[in-house]
Amino acid sequence: MSGTIVSIILIGLSAFLTGLNLFNRIGKFAGAGSLIPITGFANSIVSPAMEYKSEGYVMGVGGKMFTVAGPVLVFGISASIIVGIVYLIFNTQSMTLV
């Protein structure tokens, strides 16, 4: 339960600091320590959204929000589907042999 709460706090804090343009300053000071996956991902979603806000909420924020994180999401989802299919094939074969 506490792990979930800490994750939510890290995501919210990272998004908030990105909105205030403080996350990059912390990143310069802390280096890769600020780029742990959960805060780095929140930063990669909020940064393009802030940059393209002037183009409107639908075409700007909605259309450009996943420009950085989009390929990561596509690769992660595709890889999980492929791994799931491979697991299903091998698990089915082992079940039929028993």
Side-chain angles (χ1 to χ4, degrees):
M1 182 72 166
S2 63
T4 303
I5 294 170
V6 169
S7 297
I8 292 170
I9 290 171
L10 283 173
I11 291 169
L13 189 60
S14 171
F16 182 71
L17 290 175
T18 301
L20 295 176
N21 201 18
L22 293 174
F23 191 83
N24 291 333
R25 291 182 190 170
I26 294 171
K28 287 180 184 176
F29 176 74
S34 67
L35 295 176
I36 57 174
I38 198 163
T39 58
F41 185 74
N43 181 41
S44 70
I45 297 291
V46 175
S47 292
M50 298 276 303
E51 184 177 343
Y52 293 103
K53 184 179 177 187
S54 63
E55 294 181 19
Y57 287 109
V58 175
M59 296 304 290
V61 175
K64 305 289 185 179
M65 186 168 21
F66 293 105
T67 56
V68 176
V72 174
L73 290 171
V74 170
F75 178 74
I77 292 169
S78 301
S80 66
I81 289 171
I82 292 169
V83 169
I85 291 171
V86 169
Y87 176 77
L88 179 68
I89 291 170
F90 285 116
N91 193 28
T92 304
Q93 287 179 355
S94 66
M95 291 176 69
T96 57
L97 295 175
V98 174

Q. In Å, rounded to the nearest 0.5 Å, how long is the span from CG of Leu13 to OG1 of Thr18?
A. 9.0 Å
**Q.** Pairs flagged by side chain to side chain donor-acceptor pair (under 3.5 Å) wherever residues 4-15 is involved - sequence neighbours left out
**A.** none
Q. Quick one: do Phe23 and Leu20 end up in the same hydrophobic cluster if we chain Ile, Leu, Val, Met, Phe, Trp and Tyr together by side-chain heavy atoms under 4.5 Å apart?
A. yes
Q) If two hydrophobic side chains count as joined below 4.5 Å and joins carry through other members, does Phe16 share a cluster with Leu22? A) yes
Q | With sequence neighbours excluded, residues passing side-chain contact (heavy atoms from CB on, under 4.5 Å) with Ile11 | A | Ile38, Ala42
Q.
Which residues pass the side-chain contact (heavy atoms from CB on, under 4.5 Å) test with Ile9, not counting sequence neighbours?
A. Ile5
